[in-house]
2 protein chains.
Amino acid sequence: MKRHVLIFGLVGGLLVATLQYTQYRFIVIEHSVELYGALVAILFATFGIWLGLRITRRRETIVVKEVLVPAPEPGGGPASAFLPDTARQQRLGITARELEILSLVARGLSNREIATELFVSENTVKTHCSRAFAKLGAARRTQAVRRGKELGLLP
Amino acid sequence: MKRHVLIFGLVGGLLVATLQYTQYRFIVIEHSVELYGALVAILFATFGIWLGLRITRRRETIVVKEVLVPAPEPGGGPASAFLPDTARQQRLGITARELEILSLVARGLSNREIATELFVSENTVKTHCSRAFAKLGAARRTQAVRRGKELGLLP
DNA sequence: CGCAAAATCATCCGAAAGGGTGACGACACC
DNA sequence: GGTGTCGTCACCCTTTCGGATGATTTTGCG
């Protein structure tokens, strides 16, 4: 968490320094102060939104209520939302995060895309993947997806 | 979480203070522009964070899920054999061989395993894969499998 | 608070996958 | 015979994956 602030400081400082350095040469002459301010505003607003999104990432409480329902007819219902087999997931020791990444793997995303989607580094995604694969007894992501579907962990 | 915002604010304030302090020594004349930029930056960074917090505020989703227990197999249906959508296959120009390789990919096999299974070289498998991926608009095998299932080409 | 689990990130390295190109033979069709 | 498609295979190159390992941070819980 401190790292974000650090990044912010660095980026901000660099930005300001750059602006200070360049403004007298390129910007101020032909552009107004308002434009300069707008540029800074947009940049910092974007960064702030990113930071806000990042630090409030997913704090979700899942309460699973197991209810036995008689024979759902496949293809009948209104695309009945998929419900992962939490029991099996726990038995395999698969964490929620790992399952989340697994579902993105099943959607055909690359590690990099998953990393971007979840605001984490590619290395983290790889770690989660490796662990999930190990728990599923899979050597490849295609195999992991297949296993996940077989076990009712993925739709 | 408030802590981060606090730290951020402190760092931001420090940044402004530093800027103000330094600018007084070197850029006294144009200091109003610097101050203006810094203020705008801080303001909009704060605004961005606030916005980020706002739009992801209700991340604390309490999900109550009802686990549907799949119907006990009545033993009646003879596991209705899957029939690929030949029409769509032809429309996409996917050959039978490519679909065959694709199904093995979907089973989680590696190219080498597929090559062994089909008594062809690994290069051949890769060629078929590439062509099939191109026709499916997929960049990865996981994506290809997903597309194949969506299009009714794979079970 | 202190501990354990989980999440995050990094680095190294080898293997697998994917893209591109070119080539060759078989086979069908006109 | 010429043409086109399909299957087969090879080479080169880049990207991606996966495994192993270690470290740090965050978080939930007793």
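Quick caveat, the model's predicted, so the values are computed rather than measured. Below, all heavy atoms of this structure are taken into account, side chains as well, without hydrogens, waters or symmetry copies. Note on naming: letters A, B, ... go to the chains in the order of the sequence lines (proteins, then strands), and numbering restarts at 1 for each one.
- A distance-only check finds no donor-acceptor pair linking the side chain of B:R146 to the backbone of A:G108 [under 3.5 Å].
- Residue order along DNA chain C, read from the 5' end via each residue's closest nucleotide, puts A:H128 first among A:H128 and A:N123.
- Taking 4.0 angstrom as the limit, B:N111 places none of its side-chain polar atoms (N or O) nearer than this to OP1 or OP2 of C:dA16.
- Set against C:dG19, D:dC17, C:dT8, the side chain of B:K126 has C:dG19 as its closest nucleotide.
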Take B:K126 and B:E122 through the test salt bridge (Lys or Arg N to Asp or Glu O under 4.0 Å) and record every step on the way to the result.
CA-CA 6 Å; B:K126 287 173 64 177; B:E122 198 178 332; 5.8 Å; no

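- In this structure, the CD atom of B:E100 is 14 Å from the C1' atom of D:dT8, given to the nearest Å.
- Residue B:T95 places its side chain closer to D:dC6 than to any other of C:dA6, D:dC6, D:dC17.
- Across the protein-nucleic acid pair, A:I94 atom CD1 and C:dA5 atom P stand 17 Å apart, rounded to whole Å.
- A straight line from CD1 of B:I101 to P of D:dT8 spans 7 Å, rounded to a whole angstrom.
- Checking D:dG18, C:dA17, D:dC9 against the side-chain heavy atoms of B:S121 singles out D:dC9 as nearest.
- Atom pair B:R112:CZ and C:dG18:P shows a separation of 14 Å (rounding to whole Å applied).
- Here B:T124 lies in heavy-atom contact (under 4.0 Å) with a base.
- Using modelled atom types, no side-chain atom of A:R147 and backbone atom of A:A138 make a donor-acceptor pair closer than 3.5 Å.
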Determine, stepwise, if the pair B:R107 / B:E113 fulfils salt bridge (Lys or Arg N to Asp or Glu O under 4.0 Å).
CA-CA 11 Å; B:R107 295 235 305 266; B:E113 290 166 343; over 6 Å; no

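- In this model, a side-chain donor or acceptor of A:T127 finds a partner on the base of C:dC9 within 3.5 Å.
- Following rounding to the nearest Å, A:L118 (CG) and C:dC9 (P) show an atom-to-atom distance of 10 Å.
- Judged purely by atom type and a 3.5 angstrom limit, A:E98 has no side-chain atom pairing as donor or acceptor with the backbone of A:I94.
- Among D:dG18, C:dG18, C:dT8, the nucleotide with an atom closest to any side-chain atom of A:S130 is D:dG18.
- The separation between B:Q143 atom CD and C:dG18 atom P is 10 Å, rounded to whole Å.
- Closest to the side chain of B:R97, from the set D:dG7, D:dG18, D:dC9, is D:dG7.
- Between A:R140 and B:A96, the residue anchored nearer the 5' end of DNA chain D, judged by the nucleotide with its closest heavy atom, is B:A96.
- One interatomic measurement links the two molecules: CD of A:E98 to P of C:dA6, which rounds to 8 Å at whole-angstrom precision.
- Counting any heavy atom pair closer than 4.0 Å across all strands shown, A:A139 reaches sugar-phosphate atoms only and no base atom.
- The interatomic distance linking A:R131 (CZ) with C:dA7 (P) rounds to 8 Å, in whole Å.
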